[in-house]
Amino acid sequence: MNHDLTFYGTGAAEAIPSPFCSCRICRNAREKGGHEVRRRSMLRISDEMCIDLGPDTVSQAVQFGDLTQLRHVLVTHMHIDHFSYGVMEIRRMAYERGDWPLHYYLTDKAYEAVKMFTTDSFVAEETKKLLQLGIMEFHRLEYGQTSMIGGVEVMPLRGNHRGQIGENSANYLLKLPNGKKLYYGLDTGWYLDETLEALRGVNLDYLVSECTFGLTPERGDRPEGHLHATACEQLFQVLADQETLTEQSHIYLTHINHHTSTGAELDAWLKSRKFPCPITLAYDGLQIK
């Protein structure tokens, strides 16, 4: 099965329904199921590559396809809904697995943080064993610099979001083997000036954007940390004005939380607005064709 550009998860840190929450949104997801249920965010780029590998990996792989051919993981940041130490241990426990390490790519302080796994953390000894056994390897990427990984041109750009140890998130500009260009913009608030400038004139084919807070009001026009629907609307127009987006681009919204709106409510709002290009509210299992 081809897993190219498949959303394995489209939820935020708490998922929907959040297991400890009885809010209207979570009750609705339990009742309706389907597209209202959202695991923690992960995008499968190809059989060999994904962006983030979090705590819902087991159920995601059961429903949408196994990870037996996975080789490369682009990490946005160290928040536990995007980066899970437990996944490394699960790979070690496989009786039959690929004879390659699972390569994790991180930027800035996030790369420095993984050193704690081999020095002064409670998992240090176990992590050293995983490295020695070739279960995984860690690699550093630099913001604004292009690397060729698994046949994909990868450039991390700085997101307006702070991770577990204060690091900026990494958003990823990808050139796929077929020449299509995709930007993965989560977690981030309003784009930083340097990021907007790096995206000027890029003519994206796909923008995968967070819309974490959905229809939540009063979060400001240019929020830090996370976007909401009206901020997304304004940001997408800025991106269109600078030819990052064109009429031929397609936007997919993901990383949705349970704060304000159901998926159906957010989808209806999107359909009532005018955007510079087609826009889709992503759901778990959606494949970009």
Side-chain angles (χ1 to χ4, degrees), residues 5 7 10 41 43 45 51-52 74 76-77 107-108 141-149 152-163 167-216 219-256 266-267 269-282 288-289:
L5 301 183
F7 289 90
T10 58
S41 290
L43 181 66
I45 300 298
I51 303 180
D52 289 336
L74 306 179
T76 56
H77 61 305
T107 51
D108 195 42
L141 299 179
E142 300 294 337
Y143 291 115
Q145 295 185 14
T146 300
S147 301
M148 184 64 72
I149 302 172
V152 177
E153 288 185 21
V154 176
M155 178 188 289
L157 297 176
R158 204 180 304 269
N160 185 6
H161 180 89
R162 296 289 181 175
E167 80 279 15
N168 275 94
S169 60
N171 294 169
Y172 287 98
L173 178 60
L174 308 180
K175 186 175 182 180
L176 305 173
N178 62 5
K180 299 287 188 180
K181 288 174 284 188
L182 180 150
Y183 188 63
Y184 192 78
L186 64 151
D187 294 24
T188 185
W190 189 269
Y191 289 8
L192 300 172
D193 289 345
E194 66 181 78
T195 301
L196 285 171
E197 189 58 34
L199 292 172
R200 184 179 299 276
V202 168
N203 297 164
L204 293 174
D205 295 286
Y206 314 116
L207 170 61
V208 178
S209 172
E210 74 146 83
C211 187
T212 303
F213 281 92
L215 300 178
T216 304
R219 295 201 73 249
D221 291 338
R222 300 190 174 192
E224 294 190 357
H226 287 298
L227 295 168
H228 57 295
T230 54
C232 282
E233 184 178 32
Q234 295 173 46
L235 175 62
F236 299 158
Q237 188 57 56
V238 170
L239 294 175
D241 291 343
Q242 67 170 35
E243 298 183 337
T244 302
L245 294 172
T246 71
E247 292 181 354
Q248 286 71 48
S249 304
H250 198 125
I251 300 167
Y252 294 86
L253 298 185
T254 185
H255 202 269
I256 312 299
L266 180 55
D267 193 45
W269 184 88
L270 294 171
K271 288 180 169 62
S272 74
R273 312 295 288 184
K274 183 174 176 58
F275 290 92
C277 61
I279 187 167
T280 298
L281 179 60
I288 298 174
K289 298 297 186 181

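Note that the structure is a prediction, hence the values are computed from the model and not measured.
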Does Ile45 form a side-chain contact (heavy atoms from CB on, under 4.5 Å) with Leu5? I'd like the steps, not just the answer.
CA-CA 5 Å; Ile45 300 298; Leu5 301 183; 4.2 Å; yes
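- No hydrogens or angles considered: nothing links the side chains of Arg158 and Asn171 as a donor-acceptor pair under 3.5 Å.
- In this structure, Thr188 contributes its side chain and Asn160 its backbone to a donor-acceptor pair below 3.5 Å.
- Counting only distance, with no hydrogens or angles, the side chain of Gln242 and the backbone of Leu196 share a donor-acceptor pair below 3.5 Å.
- Taking every heavy atom of both residues into account, Thr246 and Cys277 meet most closely at O-CB, 3.2 Å.
- Of all heavy-atom pairs between Glu233 and Trp269, the closest is OE1-CH2, 3.8 Å.
- With contacts defined as side-chain heavy-atom distances shorter than 4.5 Å, the pair Ser209/Phe236 qualifies.
- Within the 4.5 Å cutoff, the side chain of Tyr183 has no heavy atoms near those of the Val202 side chain.
- Between Arg162 and Glu224 the shortest side-chain heavy-atom distance does not fall below 4.5 Å.
- Atom OG1 of Thr107 is separated from atom CG of Asn168 by 8.0 Å, given to the nearest 0.5 angstrom.
- Between Glu142 and Pro156, the shortest heavy-atom distance links the atoms O-CG, 3.3 Å.
- At most 12 non-hydrogen atoms from other residues, nucleotides or ligands lie less than 6.0 angstrom from CG of Asp193.
- Of all non-hydrogen atoms in Gly185 and Tyr191, the two that sit nearest each other are CA-OH, 4.1 Å.
- Taking both residues in full, the closest heavy atoms of Gly179 and Asp205 are given as O-OD2, 4.3 Å, listed atom of the first, atom of the second, then distance.
- With hydrogens and angles disregarded, a donor-acceptor distance shorter than 3.5 Å links the side chain of Ser169 to the backbone of Asp187.
- Between the side chain of Ser147 and the main chain of Ile149, no donor-acceptor pair closer than 3.5 Å is present.
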